[in-house]
Enquirer: 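Below you will find the structure I want to go over with you.
Quick note: residue numbers are just sequence positions, from 1.
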Amino acid sequence: MKVFFYMSPRLKKYSFHEDYFKVLSEGDHVATLAEADVVHLFGTWDHRLATIARKAQRMGIPYVLTPMGGISPWNMKKPATRRPLQRLCYLRSLVRHAGAVITTTPMEKAYVLKTKWNLRTVCIANSIFTHHISDTEMLAEHAEAHRDVLEKYEADKAAVIAKKVVRALSDELTAERIFLEEKSEVAPKEPQNSADHYTAEQAILRQIVQIHSRMPHRNIPHSYLDELHRLLNETDYDEDLLDATLKRMKLLPFARQLFEVMTQATGLTEGFMPAEAKKGHTEKLIREYLTQ
């Protein structure tokens with residue numbers, strides 16, 4: 001798993017914070033957001049953290065927050081003239097939208113939970129300050145937390161995509177049924193199939209939407225295209241229904257340019273495309289964002 005680490009410059013002024021940061025960033029870290037699966041932020045009272053968090057959200061990357069003691073009774077009140085405004089402007093949102101909050105002491109965890117800003121709060125001891133945990137154990141626990149956050153994020157996103165696909169497919173089937181009924185003097189005796197019966201179409205549409213969702217991230221795993229290639233080649237689907245539903249979802253131009261990329265990337269041939277491949281600006285971006 002690739003993680004982008006960022007610590008507030010205010011914290012890096014202290015050698016013990018920087019040592020902690022260096023230990024944690026020894027793993028599979030990356031230099032840019034686009035390369036990351038998860039973002040890990042350290043600190044609290046710094047608007048730059050909130051800026052990076054918002055950017056990660058727009059790119060579709062979950063983030064983890066380690067407050068480094070910043071969320072405590074003392075720090076929440078002092079300086080009294082600035083803290084309420086900072087909480088309102090960015091801190092509460094920063095904590096609330098984190099995939100997880102990682103505290104370093106039980107007392108800190110209890111206080112973060114008391115705020116009720118984020119119940120996905122765990123405690124992982126700091127190996128710089130205690131001998132009860134080694135650097136290796138601390139790294140392993142952080143890696144597990146990162147995996148949990150990414151898995152939950154992907155599961156939640158998959159559920160949203162599935163609902164979106166079923167709704168669009170159902171709308172298209174309903175429109176088709178109404179059209180047929182209007183053309184026919186006698187209403188069909190048999191009820192029209194619901195979207196639940198179109199599992200192959202759902203799977204293909206979900207995969208296309210999943211790939212499309214990675215565009216803001218600027219990072220599309222090649223395996224996503226491989227899976228779409230497999231579905232197009234190995235499943236029996238209704239080409240006309242897929243084409244119409246992609247139009248309804250306003251994804252047909254994207255899908256056509258995606259198929260153009262797949263002609264070279266996966267060997268997809270014209271006979272297995274539900275819509276004609278097309279070159280264009282998006283096609284060039286997909287090629288640029290494609291990763292192994």
Enquirer: With no hydrogens and no angle check, is any side-chain donor or acceptor of Q207 less than 3.5 Å from a backbone partner on Y224?
Expert: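 Checking the backbone N and O of Y224 against the side chain of Q207, a donor-acceptor pair under 3.5 Å is found.
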Enquirer: Test K152 against D156 for salt bridge (Lys or Arg N to Asp or Glu O under 4.0 Å), laying out the working first.
Expert: CA-CA 6 Å; K152 184 181 186 306; D156 290 345; 2.8 Å; yes
Enquirer: Not counting sequence neighbours, list each pair that qualifies as a salt bridge (Lys or Arg N to Asp or Glu O under 4.0 Å) and has a residue in residues 283-292.
Expert: E283-R287
Enquirer: Taking only residues two or more places apart in sequence or in another chain, which ones pass salt bridge (charged side-chain N to carboxylate O under 4.0 Å, His left out) with R48?
Expert: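 R48: salt bridge (charged side-chain N to carboxylate O under 4.0 Å, His left out) contacts with D46.
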Enquirer: Test your reading of the model: is there a side-chain donor-acceptor pair from Q257 to the backbone of T282, 3.5 Å cut-off?
Expert: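 Such a contact is found between Q257 side chain and T282 backbone.
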Enquirer: Which pairs with one or both residues in residues 205-227 pass salt bridge (Lys or Arg N to Asp or Glu O under 4.0 Å), sequence neighbours excluded?
Expert: E227-R230
Enquirer: Should the ring pair F42 and H40 be called parallel, tilted or perpendicular, given that the plane angle runs from 0 to 90° and is split at 30 and 60?
Expert: parallel
Enquirer: What orientation do F16 and F129 show, parallel under 30°, tilted 30 to 60°, or perpendicular over 60°?
Expert: tilted
Enquirer: Treating S93 as the side-chain partner and Y90 as the backbone partner, does any N or O pair qualify as donor plus acceptor under 3.5 Å?
Expert: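 No, S93 side chain to Y90 backbone: no donor-acceptor pair under 3.5 Å.
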Enquirer: Taking side chain to side chain contact (heavy atoms under 4.5 Å, CB included) as the criterion, tell me which of I102, T66, T103, T121 meets it with E108.
Expert: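 Result: among I102, T66, T103, T121, T103 is the only option passing the side chain to side chain contact (heavy atoms under 4.5 Å, CB included) with E108.
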Enquirer: Taking only residues two or more places apart in sequence or in another chain, which ones pass side chain to side chain contact (heavy atoms under 4.5 Å, CB included) with R83?
Expert: W45, N75, P79, Q86, R87
Enquirer: Please report, to 0.1 Å, the donor-acceptor pairs under 3.5 Å made by any side chain of residues 244-254, with sequence neighbours excluded.
Expert:
unit_1 : atom_1 : unit_2 : atom_2 : d
T245   : OG1    : L241   : O      : 2.7
R248   : NE     : E172   : OE1    : 3.0
R248   : NH2    : E172   : OE1    : 3.3

Enquirer: Has E35 got a side-chain atom pairing as donor or acceptor with K2's backbone, closer than 3.5 angstrom?
Expert: no
Enquirer: Could you pull out all residues at least two apart from R54 that satisfy side chain to side chain contact (heavy atoms under 4.5 Å, CB included)?
Expert: A50, T51, Q57, R58
Enquirer: Tell me whether H217 contacts the main-chain N or O of A34 through its side chain, where contact means a donor paired with an acceptor under 3.5 Å.
Expert: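 Indeed, once roles are kept as given, a pair shorter than 3.5 Å links the two residues.
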